[in-house]
Amino acid sequence: MDLALSPHHAAFAREVQGFLLSHRREWPGPRATRAQVLAWQARLISAGYAARTIPREYGGFGAAPDILESRLIAESFIATGAPGPLAGQGISMLVPTLLEVGTEDQKRTWIGPTLRGEIIWCQGYSEPGSGSDLASLTTRAHEDGDDFVINGQKIWTSTAHLADMMFCLVRTEPDAPKHDGISYLIFSMATPGIEVRPLRTMTGQAEFNEVFFTDVRVPKNQIVGGRGQGWRVANTTLRHERGMLGDPNAAEARLSAIMALMREETVGGQRVIDNPLMRERLMRLQGEVLTMKFNGLRLLTQSLKGESPGLAGLIVKLQGCELNHQLAALAIDALGELGVLYEDSTHLRAGGVWQHRYMFDLGLIIGGGTAQIQKNIIGERGLGLPREPRPLAG
Amino acid sequence: MDLALSPHHAAFAREVQGFLLSHRREWPGPRATRAQVLAWQARLISAGYAARTIPREYGGFGAAPDILESRLIAESFIATGAPGPLAGQGISMLVPTLLEVGTEDQKRTWIGPTLRGEIIWCQGYSEPGSGSDLASLTTRAHEDGDDFVINGQKIWTSTAHLADMMFCLVRTEPDAPKHDGISYLIFSMATPGIEVRPLRTMTGQAEFNEVFFTDVRVPKNQIVGGRGQGWRVANTTLRHERGMLGDPNAAEARLSAIMALMREETVGGQRVIDNPLMRERLMRLQGEVLTMKFNGLRLLTQSLKGESPGLAGLIVKLQGCELNHQLAALAIDALGELGVLYEDSTHLRAGGVWQHRYMFDLGLIIGGGTAQIQKNIIGERGLGLPREPRPLAG
Amino acid sequence: MDFALSENQRLWQASLAGLLNRSAPLERVRAFAEGDAAVARDVWRALAEAGASGLLIPETYGGLGLGLLEAVLTAEALGQTAAPAPFLGTSLAALALASADSQTQERWLPRLASGEATAGLAVSEAVAGARDGAGVSFTARRLRGRSLFAIDAEGADLLIVADQTGRIHLVETGAAGLSISPLTSIDRTRNLSEIIFEGVDGRPLDDDGGTALSRLRDAAWVLLAADMLGASQTLLDKAVAYAKERRQFGRVIGSFQAVKHLCAEMAASLEPCRALVWYAAYAWDRIPQESSLVAAHAKAHLSEVSRFVARTSTEVHGGIGITDLLGLHFGFKRVGLDRQLLGGPERVRDHAARLQGLVD
Amino acid sequence: MDFALSENQRLWQASLAGLLNRSAPLERVRAFAEGDAAVARDVWRALAEAGASGLLIPETYGGLGLGLLEAVLTAEALGQTAAPAPFLGTSLAALALASADSQTQERWLPRLASGEATAGLAVSEAVAGARDGAGVSFTARRLRGRSLFAIDAEGADLLIVADQTGRIHLVETGAAGLSISPLTSIDRTRNLSEIIFEGVDGRPLDDDGGTALSRLRDAAWVLLAADMLGASQTLLDKAVAYAKERRQFGRVIGSFQAVKHLCAEMAASLEPCRALVWYAAYAWDRIPQESSLVAAHAKAHLSEVSRFVARTSTEVHGGIGITDLLGLHFGFKRVGLDRQLLGGPERVRDHAARLQGLVD
């Protein structure tokens with residue numbers, strides 16, 4: 001066990017931070033133009049701090065994978081305050097999937113523009129009737145000449161209103177067993193027959209959309225993987241999604257913010273931090289935040305060594321989302337009556353972020369596999385407990 | 001809503017307390033002889049403060065049922081400190097069962113001596129392989145002439161080492177569906193072939209026994225209900241057991257004891273009650289204790305009116321056992337390092353009762369239907385949620 | 001010995017349920033949350049016709065002369081439907097007016113009873129501690145300062161104001177030097193304001209060492225607890241209904257033990273709270289020596305239980321639970337607000353400990 | 001950057017597991033709990049042969065010269081098997097002796113390293129607050145008073161004693177005026193005593209303002225956390241194994257979601273604790289400025305997690321879990337004791353808050 005960086009990696013971290021700081025004038029601010037944002041992304045790719053391990057022929061930097069380097073890059077953005085590389089479902093989910101199962105033509109066509117931010121993607125997986133049981137999806141695509149023709153509805157499509165393209169699961173073989181009848185299609189959001197309706201959530205904002213398909217025609221060559229292979233293709237993608245949730249750095253930053261809040265706010269002249277009960281809750285959560293942080297170090301080491309993370313990895317989403325939700329709850333309670341304010345209220349603190357997080361995090365606990373599904377996974381894959389027997393009747 | 005007693009009931013409570021106090025010299029103390037104990041029981045029955053609603057012809061007092069009177073009697077024992085009437089599985093479970101489904105001869109033979117304390121009973125239901133799934137029990141009784149011949153094993157038989165008699169579930173029709181192949185037998189613990197072995201639990205004491213049967217012969221007329229009716233007969237009895245658990249008065253008494261403890265004990269010169277975190281935990285539990293107490297008042301009223309208690313009744317065991325366990329946990333934490341002492345240790349507090357309860361209550365959470373079974377019951381009977389579908393394969 | 005609702009109380013519940021289903025169905029609640037102020041007026045008119053506005057006002061002043069228990073049933077019904085209405089402020093004003101002189105009573109009680117006037121409550125600083133330098137002083141017969149988190153004050157005719165010493169004042173909203181501005185909270189069905197007093201004429205009720213304020217605070221805690229009870233019941237009911245209807249993996253999800261047990265845990269926590277809230281109201285009406293402690297526990301315990309229920313009900317619903325579609329979030333936010341109003345649970349439990357002499 | 005056990009540390013774990021399976025299988029643990037003192041001697045002999053007794057002692061004195069991380073792996077293994085052994089007292093004495101003069105070190109360290117001598121720790125009053133009027137004063141070179149909850153003191157040759165000012169003394173158990181009597185706790189596998197000092201000759205280590213005691217306390221907290229980690233892991237493993245084997249209603253119970261989720265919740269709570277305990281040990285060895293805070297959190301967090309795991313594992317086992325038959329209760333009681341020893345979690349978290357300047 002040695003938490004110090006090797007000389008190589010220490011130098012690398014200095015190099016990244018030096019680069020970021022020396023290009024400070026190019027950082028796109030909150031009111032940056034699209035051109036400025038894309039220029040920064042291009043700069044990061046050419047320096048190797050975005051799309052680092054994507055092969056050069058597809059528009060990436062082409063470095064050999066080094067998880068620690070990737071981590072150091074991520075930390076350098078936080079340390080310097082530099083705007084990070086573009087993220088989004090295209091870069092985080094579609095690109096790895098195409099790299100794994102796309103045709104050479106698909107890779108050359110889609111990966112480069114996606115990495116550069118020229119194409120924004122959205123994901124068409126969930127449906128109103130298919131949440132936890134995603135494989136039961138019913139949006140159909142039937143063959144017609146050289147096209148698939150899609151009819152049905154998707155939901156929870158987060159960037160649908162901004163996206164240029166969608167990667168989408170549709171049922172192409174309605175008579176096959178449910179996991180074998182699904183195909184993975186990619187198509188333009190400008191295709192006739194697509195309607196996007198914003199879906200307002202409890203936060204008061206429309207973080208998601210519903211997408212309706214009426215006779216949407218997609219050329220057959222825009223399938224990724226073979227017909228009926230969509231479930232396997234999507235699982236490639238879902239595996240990449242898992243890693244996105246439950247970031248221990250975020251929890252640590254939240255904890256610090258709450259600690260600062262508790263030092264600043266007073267109730268009846270007493271600082272909140274001087275209330276032993278609030279302090280106790282803060283300390284309890286600090287214990288959990290540190291635990292998840294150190295667990296993250298363990299997982300990082302396992303990744304570096306190419307070992308399977310096992311149980312310690314399976315629990316990250318369940319514990320991480322819950323912890324973030326509890327942190328938001330503490331912040332609200334620490335604010336007390338001030339903590340119920342929202343939107344544009346006078347006396348509002350931090351833009352109402354704690355209430356927003358408290359609600360949004362509940363969505364994260366539910367999304368991407370509810371806590372109940374996570375517990376099934378931990379029990380079955382992590383502990384080897386048997387699945388539920390299949391019921392007699394459907 | 002009116003929590004005052006009617007004049008009749010107020011007078012009744014005074015009368016009971018007056019009676020108990022005026023017979024203080026007959027109260028059997030901790031070192032009383034068996035004769036003194038039985039004499040007090042006889043006195044209570046003749047006054048109508050024990051076996052109150054059991055018909056006179058079977059040895060009871062023969063009063064019409066009045067739940068409030070019963071409650072006032074119970075409270076009078078607590079208020080005066082008088083030793084209560086005899087309890088135990090014979091009186092609480094066998095007697096009501098015989099009254100409901102016993103033959104006239106069985107009632108006349110067994111109820112009177114049981115009420116008077118002349119016969120002590122134990123219950124032979126659970127088996128090592130049949131816990132939550134009681135109906136899967138495998139202790140067999142086959143016919144042989146005028147007898148049933150029992151072979152098998154019971155467990156959790158709490159008073160087996162003291163008992164004169166057992167009421168017992170055995171499988172008499174091995175080929176019938178599991179709920180239909182069970183019979184309910186009563187027999188003497190002196191019958192040859194019965195072996196009782198004490199079963200030590202985590203508390204360090206042997207609160208239970210295992211009972212082994214090897215060719216134990218029981219005359220056929222000692223069956224209660226018909227052959228194969230045992231499951232229905234036992235459910236009569238189990239219904240009576242449910243009411244025994246989760247007494248809100250007990251929780252209130254525990255809470256008061258912990259409050260006193262926290263005022264008395266000091267750590268580093270500071271009273272435990274002056275520790276805001278311990279006080280907060282005490283207050284949280286006080287909120288729950290009061291809630292369950294008032295819920296008890298609501299249930300009592302419903303009983304008085306002959307209404308079904310519904311959800312409010314189904315939750316009593318689950319919430320009550322958990323609350324008692326949490327109270328014990330708080331007491332241990334309030335005692336801190338002193339709280340780990342046990343048995344005959346110097347510096348021991350209250351005879352180690354909090355650790356004992358902490359462990360014993362966990363047994364209660366598990367016993368008589370685990371918390372998981374209780375939640376199934378609440379979900380299915382209380383909320384009308386569907387049962388799990390039967391699995392395809394056994 | 002009868003710990004149950006009377007026939008009349010059950011009828012009252014039923015008539016409230018009926019009138020709120022008519023005047024405040026989900027789409028009307030949503031319309032109000034989006035700015036249609038007429039909804040609250042309609043709801044209040046319907047409630048006033050049924051007598052809810054004068055529930056706690058003596059019959060001689062045109063009220064029903066009932067007790068806090070009936071008020072609790074009303075608050076519960078409002079929580080259940082998330083209906084907007086100035087019930088809390090107006091009811092507490094009626095209680096405060098009980099210690100006013102008869103002239104003041106004559107002036108206000110009939111108008112409050114008829115629903116023609118409503119009242120707000122500005123006591124947060126005195127009850128839950130001042131935030132952001134708020135607080136109202138009373139010197140030279142003038143009220144100065146600010147009060148935050150005033151309940152039902154916007155649009156009200158009368159305010160009940162606590163000053164820094166715990167005295168209660170009646171202030172008419174037309175008074176010179178008074179300004180009321182709304183605060184936006186997560187719960188768009190509720191009426192929360194900041195009030196600024198710039199030398200407003202004060203009229204203190206008896207200087208009773210805080211007794212009137214304590215009674216008012218206790219009543220408010222019990223009514224907030226009842227609101228949480230109602231909102232949580234709806235959250236539970238909706239979760240159970242959804243679990244019976246929604247199918248995944250070829251089964252209704254309520255047949256999965258995980259979902260069933262979440263529902264069971266909600267029910268097990270929530271169901272006994274009904275008795276707690278009833279008892280708290282009964283004690284306020286009839287057993288004053290127990291009332292303050294039970295009121296505190298009702299407020300604190302319902303805050304904890306309803307946070308659990310709100311979160312768990314949302315989880316049982318899955319994705320649809322976090323959308324606006326089923327309106328589940330109205331209950332979620334309602335209990336979120338109730339939890340903090342007039343003191344969060346830690347603060348209220350600390351008060352319970354003080355009442356029992358457990359704090360040095 | 002390598003946050004994992006080294007090959008040597010894994011070998012150490014494996015050899016400990018082997019030797020404890022041989023010297024402390026369940027029936028031997030049970031025999032010890034029922035009074036067979038030879039078991040602890042055998043276990044200690046086996047541990048000493050492997051070097052565990054001298055783990056933290058420099059090689060020049062016959063030890064292995066390893067760090068707290070290796071000690072943590074040892075404590076975890078002891079917790080896992082509930083093995084009786086004076087490891088905690090002896091290890092902490094070795095740490096305390098690091099600041100003794102060389103003559104004292106020469107006298108004690110070789111004997112501790114070889115397993116010939118063992119040591120106990122009497123610091124409860126200074127670390128966790130005095131109970132029942134205990135406390136040890138040091139005046140005129142004499143120790144007077146009482147220390148409760150001394151760890152591994154019975155049968156020991158040397159004691160590490162903290163006086164009221166936080167100075168640390170080395171006391172030989174043969175010293176005049178010293179008496180040691182056992183305390184009986186729920187955990188029969190542990191060695192807990194009361195020590196009476198009637199004018200015992202004291203030998204304070206450097207008067208360093210409590211630094212030595214703080215380091216000792218931090219190490220003790222980390223080792224107790226490791227003990228809980230090991231015991232909880234066994235409780236979880238046994239629950240999972242039982243859930244795979246026990247059948248009810250025609251299925252193994254682990255296929256029921258309710259049971260599966262209890263196991264998953266235990267694993268989700270416990271598994272990341274391994275990293276916490278490793279980090280706490282690593283920080284004690286290598287990052288002193290972080291060490292105290294992480295040690296406190298390790299002690300407090302493992303106390304909470306292992307209470308949950310102990311209770312839940314028992315529940316998964318159903319009735320058999322509360323009997324003596326599977327020995328599940330040894331782990332249950334072990335974590336019950338660890339939770340309170342040298343301060344319960346509330347007290348320890350308060351310390352964590354103080355370390356960060358959060359307490360006035």
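On a predicted model such as this, the values are computed, not experimentally measured, just so you know. Letters go in sequence order (proteins before strands), and every chain restarts at 1.
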Under a 4.5 Å heavy-atom cutoff, which of [options] has the most pairs with chain D?
{"options": "B:Ile332, B:Ile366, B:Ile365", "answer": "B:Ile366"}
{"options": "B:Thr203, B:Leu199, B:Leu348, B:Ile155", "answer": "B:Leu199"}
{"options": "B:Gly339, B:Ala135, B:Ser130", "answer": "B:Ser130"}
{"options": "B:Lys178, B:Glu207, B:Glu322", "answer": "B:Glu322"}
{"options": "B:Leu338, B:Leu341, B:Thr346", "answer": "B:Leu338"}

Between [atom1] of [X] and [atom2] of [Y], what distance do you get to the nearest 0.5 Å?
{"X": "D:His317", "Y": "B:Thr370", "atom1": "NE2", "atom2": "OG1", "value": "14.0 Å"}
{"X": "D:Ile186", "Y": "B:Met359", "atom1": "CD1", "atom2": "CE", "value": "6.0 Å"}
{"X": "D:Asp187", "Y": "B:Gln355", "atom1": "CG", "atom2": "CD", "value": "10.5 Å"}

Contacting moiety of [X], where chain D heavy atoms sit under 4.5 Å:
{"X": "B:His356", "answer": "neither"}
{"X": "B:Phe360", "answer": "neither"}
{"X": "B:Ala329", "answer": "both"}

Sequence neighbours excluded, which residues qualify as ring-ring contact (aromatic ring centres under 6.0 Å, His included) partners of B:Trp354? none
Got [X] and [Y] here, is their nearest side-chain heavy-atom distance under 4.5 Å?
{"X": "D:Phe332", "Y": "B:Leu362", "value": "yes"}
{"X": "B:Asn275", "Y": "D:Asp350", "value": "no"}
{"X": "B:Glu280", "Y": "D:Glu346", "value": "no"}
{"X": "B:Asn376", "Y": "D:Phe256", "value": "no"}

Just jot down the salt bridge (Lys or Arg N to Asp or Glu O under 4.0 Å) partners of D:Asp227, sequence neighbours excluded, or say none. D:Arg190, D:Arg334
Please look at [X] and chain B and tell me whether the side chain, the backbone, both or neither of the residue comes under 4.5 angstrom of a heavy atom of that chain.
{"X": "D:Leu328", "result": "neither"}
{"X": "D:Gln164", "result": "neither"}
{"X": "D:Phe330", "result": "neither"}

Do B:Asp333 and D:Arg339 sit within salt-bridge range, that is, some charged N less than 4.0 Å from a carboxylate O? yes
Taking every heavy-atom pair that is under 4.5 Å apart, which of [options] has the most such pairs with chain B?
{"options": "D:Glu125, D:Arg349, D:Glu34", "result": "D:Glu34"}
{"options": "D:Val259, D:Ile253, D:Leu341", "result": "D:Leu341"}
{"options": "D:His329, D:Lys333, D:Arg347, D:Arg307", "result": "D:Arg307"}

Which atom of [X] lies closest to which atom of [Y], heavy atoms considered:
{"X": "D:Thr184", "Y": "B:Ser345", "result": "N-OG, 3.0 Å"}
{"X": "B:Pro128", "Y": "D:Arg246", "result": "O-NH1, 2.6 Å"}
{"X": "B:Asp133", "Y": "D:Gln248", "result": "N-OE1, 2.8 Å"}
{"X": "B:Ala334", "Y": "D:Arg131", "result": "O-NH2, 4.2 Å"}
{"X": "D:Ile320", "Y": "B:Trp156", "result": "N-CZ2, 3.7 Å"}

Determine yes or no for a side-chain-to-main-chain donor-acceptor pair under 3.5 angstrom, with B:Glu337 supplying the side chain and D:Leu342 the backbone. yes
